[in-house]
Amino acid sequence: MSKLWFDVAHLLAGGMLVLSFALLYQDRIAAVINVFALQAVALSLSVAWQALVQGAPHLMVTAAIALIVKGFVIPTALHHIIRRMQIHREVEEVIGSGLTMLTGLGLVALSILLVQPVGEVSIYVREDLAFALAVILLGLLMMITRRNAVTQVVGFMSLENGLVLAATGAKGMPLVVEISVAFSILIAFIVFGIFVFRIRERFDTVDVRALDRFRGERRDVS
Amino acid sequence: MTGPVEATLIIPATAIPVLALVSSYRLGAALNILACALTLGAATALLFADHPRSDLFIIDDFNIFLLVLTTFVGFTTSIFSATYLAHEIEIGRLTPLFLRFYHAMYQTLMGAMNVALVANNIGLMWVGIEVATLSTVMMVGIYRTPEAIEAAWKYFILGSVGIGLAFFGTILIYLVAQDVVGDGLPAMSWDLLVKSAPMLDAKLLSLAFVFLLVGYGTKVGLAPFHAWLPDAHAEGPTPISAVLSGLLLNVALYALLRFKMVLAGNASAIDVGAIMAGLGLVSLVFAGFMLYRRRDIKRLFAYSSIEHMGIATFAFGMGGPLANFAGLLHMTMHSLIKSGIFFSVGHIAQVKGTQRIAAISGMSVTHPVLALLFSLGVIAIAGLPPFGMFTSEFLLVSSTFARQPALSIVLVAGLLVAFGALILRLQDVVFGEPAGKAQTAQASYIPAYVHLTLVLVAGLWLPGPVVQWFRGVAALLG
């Protein structure tokens, strides 16, 4: 296949990676959601391109799901949630965005190094995989460094974008469509859960207040 | 054609909508028990059926034994769950509407675990484990107290990240296998992966395993990734704690072991055994020390689950016929004992109206039958003879001592630390001044006694066919 095809695929995947970085330095939640929607559109284009290159029309379903669910429905729902729940409009960070960006750069370097051995299998798959892994790790980083549940979920969805990118890059992988549907259901559950249970803060060992309540020192249930 | 394999999936699948629609909670609980019994029947029938190869399902000695164990514990837990929930309805902690939801989710969990166990496809297995995780998240949060929602959220986020990383590992495995086996379903099936293991690219295979280990290791509850486990166990309904500890952790470990079998077939891949043994040992020692400061009784046994999954992972990491045998026996014994303990703990928490250990001392005076059941369970889980866990731990320690004396010292130290903590708590709960309420509750003792009897029998005399079988599986694991 001509080299141009792969260049386009890499352009789209690279675009997703750039948007992952853009997610890291946003300081308003509404902007985070918008950037995420943009990343979902980039993902959908990338998947559609893969469908074309690989001659796999069923991947178009995945592309359509990414565009409709993650590009429009979920961002709209999240905007609705932050309005209704009157969440702080500013992103609450655990560590500063400068340090987060530097860590992010380190993670990209790490993912390039990690997928090095793939080159012996297929040189084109390697670069796709490096992009995907970098998006995944940046999503993880975002989940760790944000305190608000909505931004945390956006981090998870960005991680999942990386997974779908990796799965569609693997030629002829079965069950990709089914799995992308399963992921959409999972995400719908999360967003639904935030709304129903009004979860604002995440609960982990970084947050000292949560620690006090959470090490087996609980109240009675009766 | 539908055989017993399909039946283990179709029965739960049919039960889900039925249970969601039945409005009487008594009928719902009865139907839940019935569905579990039928699934157990189908799983048992598998023992006597032929197993032709297919792209979607695989049945070999390894998963047949786990399938029978899973459906059996699922069945006994459904009996316990019926009386437990009747009490929760009585005191108004749950409403019948929530029970419909609960029963539907219970069957979803059972069906999803069966999918993960019988799948011959790493993608399908992944879907099974994801659905099982989701259904337990829903059930952990069912009480809707702030603590329960916190626990469910934490479980959700950590479980999702784990499952996401496992998926990336799955993709990498497919990429490796695609070159050798060819595109499509065959490149994801266990039997062909194991067969073609020597030809696979070792570096990429090793990289994939790291992701799979972190991903499924989170679900097993291994030490640095265990943060969700104690909260999920403590805040959910007790029947769910029982199936989480007794079954879901096993299923995740099963997934890891299958991948270990693939890597074991490739001579130049990383030494998976060493990594697993290390993680297992860390989990054991860490959880052993954490047991001391626990004040919540369900949280205590959640940490004990981390400890025992650590022991089993360590055993499989050591490898070899004897250690694998010990690991399999340990998995089985832990499933039976831990779910049995949760049965008694569930009733104890109900009669005392609290899960705080400080508030439930003196059980031997106020509730002698429950106290006896509880003490037998704790004695069994602490690894004392004549129960089966003594056998598995003894086998593991002696085989480790013969091969890696240094590791066996750490192992024994970890076991003793955990032992001390459990015996201390046993004294507090069973003896000591009676404290707290002394109300009676309708309890079902039979499931817990059945489990403990099986464990006792296994400790005294392991039947010949079972020994043969475990040996076969241990050889399969390499």
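Proteins get letters first, then strands, A, B, ... in listed order; numbering begins at 1 in each.
B:F167 places none of its side-chain heavy atoms less than 4.5 Å from the side chain of A:V164. Between B:F211 and A:L133, some side-chain heavy-atom pair lies under the 4.5 Å cut-off.
Within the model, atoms CG of B:L207 and CG of A:L129 stand 8.0 Å from one another, a figure rounded to the nearest 0.5 Å. Rounding to the nearest 0.5 angstrom, the gap separating the CG atom in B:L158 from the CE atom in A:M143 is 7.5 Å. Going from atom CG of A:L114 over to atom CG of B:L172 covers 9.5 Å, rounded to the nearest 0.5 Å.
Counted within 6.0 Å of OH on B:Y292, heavy atoms from surrounding residues, nucleotides or ligands total more than 12; the atom is thus considered enclosed.
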Run the side-chain contact (heavy atoms from CB on, under 4.5 Å) test on A:L159 and B:L165 for me, step by step, so that the C-alpha distance in whole Å, both residues' side-chain angles and the decisive distance to 0.1 Å come before the verdict. CA-CA 9 Å; A:L159 181 156; B:L165 293 178; 5.7 Å; no
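For A:V176, no part lies near chain B; criterion is any non-hydrogen pair under 4.5 Å. Interface residue B:V127: only side-chain heavy atoms are found under 4.5 Å from chain A. With a 4.5 angstrom heavy-atom cutoff, A:I136 touches chain B only via side-chain atoms.
Between chain A and the residues B:V131, B:L185, B:I91, the largest count of heavy-atom pairs under 4.5 Å involves B:L185. Highest contact tally toward chain A, considering only B:F156, B:Y143, B:W126, B:Y174, is held by B:Y174 [criterion: heavy-atom pairs under 4.5 Å]. Between chain B and the options A:A170, A:A132, A:G169, A:G162, heavy-atom pairs under 4.5 Å are most frequent for A:A170.
The heavy-atom pair separating A:V153 from B:W153 by the smallest distance is CG2-CH2, 3.7 Å.
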